[in-house]
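For this chain, numbers begin at 1 and follow the sequence in order. Computation of the quantities below employed the complete heavy-atom set of this structure, encompassing side-chain atoms and omitting hydrogens, waters and symmetry-equivalent molecules. Keep in mind that what you see is a predicted model, and the values were worked out from it rather than measured.
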Amino acid sequence: RWWPESGQITAVPATGDRLELRLEPMELCCLVVREAREIVLDRGWTLAVGTAPATPVEVDRGWEQQGFAEHSGAGTYARRFELARADGLTALVFPAVATALSAELNGVSLGRRGWRPYRFAIPAGVLHDGTNELVVRVLSTAANGYYANTPYAPGGPEPSGLLAAPVIEEAAC
């Protein structure tokens, strides 16, 4: 929101994907609206589980569907990616994860999450133009290890790992 009398610019608070602006009668408001940039990291991932070497995987479905149906515990995803312009990118979001994760970007820990939202702030200077590396450690439920090949398995293995592509987002204006 731009204040013409002072030239000051302030952010209009948003709730989720909704922006609400209340004006007094006869009040005029000037807004700067731009589409926020986002980078979907959907390709080029590897996964290492247990003592097995890292193997290429997709991040739109869990590791239980990609050859690791009986694996319970930790899995480490890794990906390098190139950015032409890193400025303004301030958040790393994981839309769907089973179950908990920690994220490291260019050797800097972004933190851990055990439940939604799986959203991490990216500190200034961590993401840069050129090559970047993201390492994500996911801890799955123990169910797949305990219930594999037993009558207690609930219709197949439980989802494990990343279930949707991570996204790097630009700060909302």
Taking [X] for its side chain and [Y] for its backbone only, find out whether a donor-acceptor pair lies under 3.5 Å.
{"X": "Asp60", "Y": "Ala164", "value": "no"}
{"X": "Glu64", "Y": "Ser160", "value": "yes"}
{"X": "Asp42", "Y": "Ala165", "value": "no"}

Distance-minimising heavy-atom pair for [X] and [Y]:
{"X": "Ser72", "Y": "Ala142", "result": "OG-O, 3.2 Å"}
{"X": "Leu139", "Y": "Ala74", "result": "CD2-CB, 3.6 Å"}
{"X": "Thr131", "Y": "Arg80", "result": "CG2-NH1, 4.2 Å"}
{"X": "Pro166", "Y": "Pro95", "result": "CA-CD, 4.2 Å"}

*asked:* Going by salt bridge (charged side-chain N to carboxylate O under 4.0 Å, His left out), name the residues that satisfy it together with Arg43, two or more places apart in sequence or in a different chain.
replied: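 Counting only residues at least two positions away or on another chain, Arg43 forms no salt bridge (charged side-chain N to carboxylate O under 4.0 Å, His left out).
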
Distance (rounded to the nearest 0.5 Å) between [X] [atom1] and [Y] [atom2]:
{"X": "Arg85", "Y": "Leu127", "atom1": "CZ", "atom2": "CG", "result": "11.5 Å"}
{"X": "Arg79", "Y": "Leu162", "atom1": "CZ", "atom2": "CG", "result": "12.0 Å"}
{"X": "Ile168", "Y": "Thr90", "atom1": "CD1", "atom2": "OG1", "result": "10.5 Å"}
{"X": "Ser140", "Y": "Leu101", "atom1": "OG", "atom2": "CG", "result": "12.5 Å"}
{"X": "Thr99", "Y": "Tyr118", "atom1": "OG1", "atom2": "OH", "result": "6.5 Å"}
{"X": "His128", "Y": "Asp87", "atom1": "NE2", "atom2": "CG", "result": "13.5 Å"}

Considering only heavy atoms from C-beta outward, does the side chain of [X] approach that of [Y] to under 4.5 Å?
{"X": "Gln66", "Y": "Arg61", "value": "yes"}
{"X": "Tyr77", "Y": "Val135", "value": "no"}
{"X": "Trp45", "Y": "Leu134", "value": "yes"}
{"X": "Val167", "Y": "Ile39", "value": "no"}

_Quiz question: by atom type and distance under 3.5 Å, do the side chains of Thr141 and Glu158 form a donor-acceptor pair?_
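Glu158 and Thr141 do not have a side-chain donor-acceptor pair below 3.5 Å.
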
_Chi angles and distances behind the side-chain contact (heavy atoms from CB on, under 4.5 Å) call for Phe94, Val59_ = CA-CA 10 Å; Phe94 295 86; Val59 291; over 6 Å; no

*If you measure from the Lys or Arg side-chain nitrogens to the Asp or Glu carboxylate oxygens, is any gap between Glu169 and Arg119 under 4.0 Å?*
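Yes, charged N to carboxylate O under 4.0 Å.
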
*Take Leu105 and Leu92, measure what side-chain contact (heavy atoms from CB on, under 4.5 Å) needs, and give me the verdict at the end.*
CA-CA 9 Å; Leu105 183 58; Leu92 174 62; 5.6 Å; no

_Evaluation steps, side-chain contact (heavy atoms from CB on, under 4.5 Å), between Val40 and Glu38_ = CA-CA 6 Å; Val40 179; Glu38 70 175 27; 4.1 Å; yes

[Y] reachable from [X] in the ILVMFWY side-chain graph, under 4.5 Å edges:
{"X": "Val126", "Y": "Leu41", "value": "yes"}
{"X": "Phe81", "Y": "Val93", "value": "no"}
{"X": "Leu110", "Y": "Leu89", "value": "yes"}

*Within 45° cone and under 6.0 Å: Arg113 NZ/CZ vs Phe120 ring*: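 Relative to the ring axis of Phe120, which defines the angle, Arg113 lies inside both limits.
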
*Give the intermediate values and the outcome of side-chain contact (heavy atoms from CB on, under 4.5 Å) for residues Val97 and Val138.*
CA-CA 8 Å; Val97 178; Val138 178; 4.1 Å; yes

